[in-house]
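Only one structure is covered here, and it is reproduced in the block below.
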Number of protein chains: 2
Amino acid sequence: MQSTFEVVAEPTRRRILDLLLTGERAVGDLVAELAMSQPAVSRHLRVLRDAGLVAPRTDAQRRLYRLDARPLAAVDEWLEPYRRLWAGRLDSLAQHLDEMTDDLERKDAR
Amino acid sequence: MQSTFEVVAEPTRRRILDLLLTGERAVGDLVAELAMSQPAVSRHLRVLRDAGLVAPRTDAQRRLYRLDARPLAAVDEWLEPYRRLWAGRLDSLAQHLDEMTDDLERKDAR
DNA sequence: AAGTTATATATGCTGGCAGTTATATTAGCG
DNA sequence: CGCTAATATAACTGCCAGCATATATAACTT
């Protein structure tokens, strides 16, 4: 099994996720929008499914895939310490403190 | 040339970036911390350099590499529309509005 | 039940990536 | 100037990812 990073590194797979942002789609629809064979798309969907990033729903012969963004939180978390490095330096400390406050609130909410 | 996504998908390269978070390091230091041959590490550094994620500074025979996180902003931006999907739904709209306000402020600052 | 539609899996090919060892390069040192 | 140290590049190898074609599976249609 691949990490979320590797799964999302593939351009076509990112494209698929972007398409699913607007709502669920059948495999055929995706094939039409990506210039690629149906098996290739099904394979990418398999990888995305194994990573927990998409989930299929049966509708007659079609499989409608919907997005599940939760695994992407891992990427976001890895990015966290870098974020304040590319942001303006002066307000980075304030931003950091804001984020920590957010974290605490989130923990309280659970 | 690889995209920032692909560059960062490689676990060893992420590890290198993580190590550089605490400050610049010589190649030899990195080799010591990663269980890997020196040429392998130099190769990863080449990829990271080409991606603009690290930059070397000469110190006698050694090359000290420092982090440059700016290219990671592209990853962060791609992540943006997904972020509110894994966040709690109820406050996601407010969060979205906050982010848009931040964007405006950032534009003003430029 | 046979035919059709929609998707998944099998198979084979190919290119590129990450690792190794060997060698080149560059800088300091006696 | 020869020698050592530190890093980069070259050459080779094994492997895996992504693609296409061919085939299997599943569901609907008549």
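So you know, we letter chains A, B, ... as the sequences are listed, proteins then strands, and number each from 1.
Of the listed nucleotides (dA8(C), dT20(C), dA18(C)), dA18(C) has the atom at the smallest distance from the side chain of E10(B). Comparing atom distances between the A26(A) side chain and each of dC19(D), dT7(C), dT26(C) picks out dT7(C) as nearest. Among dA20(D), dA8(C), dA22(C), the nucleotide with an atom closest to any side-chain atom of P39(B) is dA22(C).
Going from atom CD of Q2(B) over to atom P of dG15(C) covers 18 Å, rounded to whole Å. In this structure, the CG atom of D50(A) is 13 Å from the C1' atom of dA8(C), given to the nearest Å. In this structure, R62(B) places its CZ atom 12 Å from P of dC29(C), rounding to the nearest Å. If you take CD of E6(B) and P of dG16(C), they are 12 Å apart, rounded to a whole angstrom. Rounded to whole Å, atom P of dT7(D) lies 13 Å from atom CG of L34(B). Atoms CG (L45(B)) and P (dA6(D)) sit 16 Å apart, rounded to a whole Å. If you take CG of L64(B) and P of dT7(D), they are 8 Å apart, rounded to a whole angstrom. At whole-Å resolution of the value, CZ in R43(B) and P in dT21(C) are 15 Å apart.
Interatomic distance, R15(B) CZ to E33(B) CD, rounded to the nearest 0.5 Å: 7.5 Å.
Both Y65(B) and R13(A) lie near DNA chain D, and the one whose nearest nucleotide falls closer to the 5' end is Y65(B). Along DNA chain C, the nucleotide closest to A40(A) and the one closest to Q61(A) are compared, and the more 5′ of them pairs with Q61(A). Each of V47(A) and V27(B) has a nearest nucleotide on DNA chain D; the 5'-most of these lies closest to V27(B).
Under 4.0 angstrom from either OP1 or OP2 of dG19(C) there lies at least one side-chain N or O belonging to H44(B). In this structure, R46(A) reaches the dT9(C) phosphate: one of its side-chain N or O atoms is under 4.0 Å from OP1 or OP2. S37(B) has a side-chain polar atom (N or O) that falls below the 4.0 Å cut-off from OP1 or OP2 of dT20(C).
Judged purely by distance below 3.5 Å, without hydrogens or angles, the side chains of D29(B) and Y65(B) never pair a donor atom with an acceptor atom. Side-chain atoms of W86(A) and D68(B) include no donor-acceptor pair closer than 3.5 Å.
Between D59(A) and R63(A) there is no salt bridge, since none of the side-chain N atoms of the basic residue sits less than 4.0 Å from a carboxylate O of the acidic one.
Of all the heavy atoms in V54(A) and L45(A), the pair that sits closest is CG2-O, 3.9 Å.
The base of dA6(D) has none of its N or O atoms less than 3.5 Å from a complementary donor or acceptor on the side chain of Q38(B).
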